[in-house]
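The structure appears right after this line, and notes come after that.
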Amino acid sequence: MLEGLNEAQREAALHEDGPLLVVAGAGTGKTTTLAHRVAQLIGRGVPPERILLLTFARRAAAELLRRVDGLLGRAALDRPASSRVWGGTFHSVATRLLRQHGERIGLHPGFTIHDRGDSEDLLEVLRAELELGRGKRRFPRKATCLDIYSRCVNARAPLDGVLARAFPWCSEQVDGLKLLFRTFVDRKAEQRVLDYDDLLLFFHALLGTESAGAAVRAQFDHVLVDEYQDTNALQAELLDRLCPGGRGLTVVGDDAQAIYGFRAATVRNILDFSARHPGARTVVLAENYRSTPELLLATNRVIAQARERHPKDLWSRKPSGERPELVTCADETEQTEYVLARILERREQGMDLRRQAVLFRASHHSLHLEVELGRRGIPFHKYGGLRFVETAHVRDLLAFLRLAENPRDLLAGTRVLGLLPGVGPRTARTLLEPVQRAGSFASWEDGARVPSPARAHWTALVALCRELAAPTPPTLPVQLHRIRAFYAPLCEERYDHVPARLRDLEQLEQLAAGFADRGAFLGELTLEPPRSTQDLAGPPSLDEDHLVLSTIHSAKGLEFDAVHVIHAADGNIPSDLTTGSPEEIDEELRLFYVALSRAKRHLSVTFPLRWFDRPAGTGGRYAFAQLTRFLPPEVASAFELRTAFPETARPALPAEDAFLLPEVRGALRALWN
DNA sequence: GTAGAACAGTTTTTT
DNA sequence: ACTGTTCTAC
């Protein structure tokens, strides 16, 4: 079974029960190695259901287990490993185990889960209630408040230190924040609601109790963690409790690809693993099976600029190919034209669009390109950026489901009631108080005091809630259908682009058909929302070829024959929005490295010299960009230097760009189509 | 208390 | 340019 593995991979696959760190450089066969290790464990007699596989995305776990099934061959036919191994993200596994054992730490098993937007909304409500920020000094915005809170929880760090280190401009508001966070915690408990941070925190707490902790530990013999470089301090402590002394613990990752520091992930976890687990075996995978030597020369040089890392130069036996190119473009239009020309040229040569990708730092960096793709009718899927489930109408619809699932969820209730004309936060709260006390909608049946503009809708709403919250509710698609019938007219009152929004809701109804029950549906949408609009249409259709557009973050773990990294200008990579600390700059460097190392054969890095910048106050202006600082001359020499269209000496500020903004807006609207 | 209008501040990556 | 917040007229 082990043929085809190199020595290091084999060592990792055959390792027994002690703590194991696999440092797996980009493209070094990490998934293959993990799959072999799982298959070895099963072959050695470990029951699949006693293996826990923690990955960054559920899809990664599924892909890995599919390969395990393949390795096990006939032995797996009857009961495939893929259906028995515990797999998923930390958050989804936490959810399952908390539903199973949470009552032992006083957690109600019917809890619902708040996503980021919900948590922000709750913080906003509480801030208003507590009258914070009434004074002269501005109080941090809700998103910042949540970032601060979240960092405290995930980094296991007290508020004062977090403020001083990461949010110094908020330090003055420390008392207000303390009050806000105390109330936030209490309020979530009353509502039987957990947010992302709570899932980890309570999982950690569960493992810390004597009997429940032992029960969970006894469920698993082996825990394997993928993308370990992107775990945070809380997750590391959680693993300590799950695998005392590191027994049965395997972690796999690459410190050179740590890109989630903004989410409190710390590269220290992987750098310090051996110190934390005395006797740990470290295996380094350095033979690259992905990229040509020319590309590796370039990517090795880029990452060599990092300050601290597990040093490893990747090498490859692949045949020689073309050098990567570094292309200077006069402006964004040229960049788009150049990238498109190259992509179409390769398609002519037989490389499908799906084998090619365009990567960028921020979601909006691809708008210009999207417009052009749309105009030429070239199909593409975009990953990253604003998601379907974050749009207002989808959140409205889901609020009905959440309220039915958990009538104590005040946020869902406020959102639903707020849809009625004449009902604002105040009225909603009054109406929801008895519901929260009783856990049912009985108080609405007989003469609740409803403002007159809302009366016309009231009877229908009460009937709807009663039906959805009944002991045996209709099937999920029927539930969604009923909600849509009630919601459609209200939606028309409130929003633009109603037909597109209603179509989204129909799609949601179809998506719901695949789920056993409401709780599973809501959990899935919260923990693993569809990553591109095309994902909603079901499994990716194999018939239509499409180009991949992706943020660098969302491209983690993927590979493509040809990769174009666009907007590689200082200010974008590294982003101007970082505070400029050496740690943050290093993370941006790793991000750039992740982008470059996705490529198998062709790599181009482009940047526009002049682009339309929109600083505050001004109506926008052209700014002059410089090449990213991550490609100084000694690194850039690994690239073929080119100018996109040397023959077109463009006049300054071409007027044709004036037509672009309306088109970009059009593209934005198309996001809802 | 709600809803619409006027104003002000800020802009990334995501479980 | 857009979002979020505050102000003001119902």
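Scope of the values below: all heavy atoms of this structure, side chains included, with no hydrogens, waters or symmetry mates.
- In this structure, A:Arg590 places its CZ atom 18 Å from P of B:dT13, rounding to the nearest Å.
- Checking the phosphate oxygens (OP1, OP2) of B:dT14, a side-chain nitrogen or oxygen of A:Ser554 falls inside 4.0 Å.
- Using modelled atom types and a 3.5 Å distance limit, the side chains of A:Gln229 and A:Glu227 yield a donor-acceptor pair.
- Atom-to-atom, CG of A:Asp197 to P of B:dT14 comes out at 17 Å; the value is rounded to the nearest Å.
- A straight line from CZ of A:Phe56 to P of B:dT13 spans 14 Å, rounded to a whole angstrom.
- Contacts between residues 253-269 of chain A and DNA chain B, counted as heavy-atom distances below 4.0 Å, involve A:Tyr260, A:Phe262, A:Arg263.
- Within the 4.0 angstrom heavy-atom criterion, no nucleotide atom of any strand lies near A:Pro451.
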With the criterion being N/O to N/O and under 3.5 Å, what pairs connect the protein with nucleotides 3-5 of chain C, and how long is each?
residue : atom : partner  : partner atom : Å
C:dT5   : OP1  : A:Arg127 : NH2          : 2.9
C:dT5   : OP2  : A:Glu124 : OE2          : 2.6

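- For A:Arg96, the salt bridge (charged side-chain N to carboxylate O under 4.0 Å, His left out) criterion is met by no residue, not counting sequence neighbours.
- By the side chain to side chain donor-acceptor pair (under 3.5 Å) test, A:Arg99 pairs with no residue at all, sequence neighbours left out.
- For A:Arg263, there are no salt bridge (charged side-chain N to carboxylate O under 4.0 Å, His left out) partners two or more places apart in sequence or in a different chain.
- Proximity of A:Thr427 to the phosphate of B:dT2: a side-chain N or O atom is located under 4.0 Å from OP1 or OP2.
- Counting to the nearest Å, the C1' atom of B:dT15 and the CG atom of A:Asp118 are 14 Å from each other.
- Spacing between C:dT5 and B:dT12 at atom P, rounded to whole Å, works out to 15 Å.
- When each of A:Lys556, A:Gln257, A:Gln235 is tested with A:Asp230 by the rule side-chain contact (heavy atoms from CB on, under 4.5 Å), just one qualifies, namely A:Lys556.
- Using a cutoff of 4.0 Å between basic side-chain nitrogens and carboxylate oxygens, A:Asp147 and A:Arg141 are not scored as salt-bridged.
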Do any N or O atoms of the protein come closer than 3.5 Å to N or O atoms of nucleotides 3-5 of chain B, and which pairs are they?
residue : atom : partner  : partner atom : Å
B:dA3   : OP1  : A:Gly422 : N            : 2.6

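- Shown here are the salt bridge (charged side-chain N to carboxylate O under 4.0 Å, His left out) partners of A:Asp115, two or more places apart in sequence or in another chain: there are none.
- Classification of the A:His567-A:His365 ring pair by plane angle, with boundaries at 30° and 60°, yields tilted.
- Rounded to a whole Å, the CZ atom of A:Arg96 is 17 Å from the P atom of B:dT15.
- Atom pair A:Leu522:CG and B:dT15:P shows a separation of 18 Å (rounding to whole Å applied).
- For A:Arg426, the listed nucleotide lying nearest its side chain is B:dG1; candidates were B:dT13, B:dT15, B:dG1.
- When atom types are taken as modelled, the side chain of A:Glu390 and the backbone of A:Gly117 share no donor-acceptor pair closer than 3.5 angstrom.
- The interatomic distance linking A:Leu199 (CG) with B:dT15 (C1') rounds to 9 Å, in whole Å.
- With sequence neighbours left out, the salt bridge (charged side-chain N to carboxylate O under 4.0 Å, His left out) criterion links A:Glu372 to A:Arg375, A:Arg376.
- Listed by first and then second residue, the side chain to side chain donor-acceptor pair (under 3.5 Å) pairs involving residues 411-431 of chain A are A:Asp396-A:Arg415 (not counting sequence neighbours).
- The distance between atom CG of A:Leu431 and atom C1' of B:dG1, rounded to the nearest whole Å, is 13 Å.
- Using cut-offs of 30° and 60° on the angle between ring planes, the pair A:Phe184 and A:Tyr149 is perpendicular.
- Residues forming a side chain to side chain contact (heavy atoms under 4.5 Å, CB included) with A:Pro489 (at least two apart in sequence, or on another chain): none.
- Taking a 4.0 Å limit (strictly below) on heavy-atom distances, residues 224-236 of chain A does not reach DNA chain B anywhere.
- Residues passing the ring-ring contact (aromatic ring centres under 6.0 Å, His included) test with A:Tyr196, sequence neighbours excluded: A:His91.
- Between A:Ala428 and A:Ser575, the residue anchored nearer the 5' end of DNA chain B, judged by the nucleotide with its closest heavy atom, is A:Ala428.
- Comparing B:dT12, B:dT15, B:dT14 by their closest approach to the side chain of A:Thr89 singles out B:dT15.
- Ion pairing between A:Glu587 and A:Arg590 holds under the 4.0 Å rule for side-chain N and carboxylate O.
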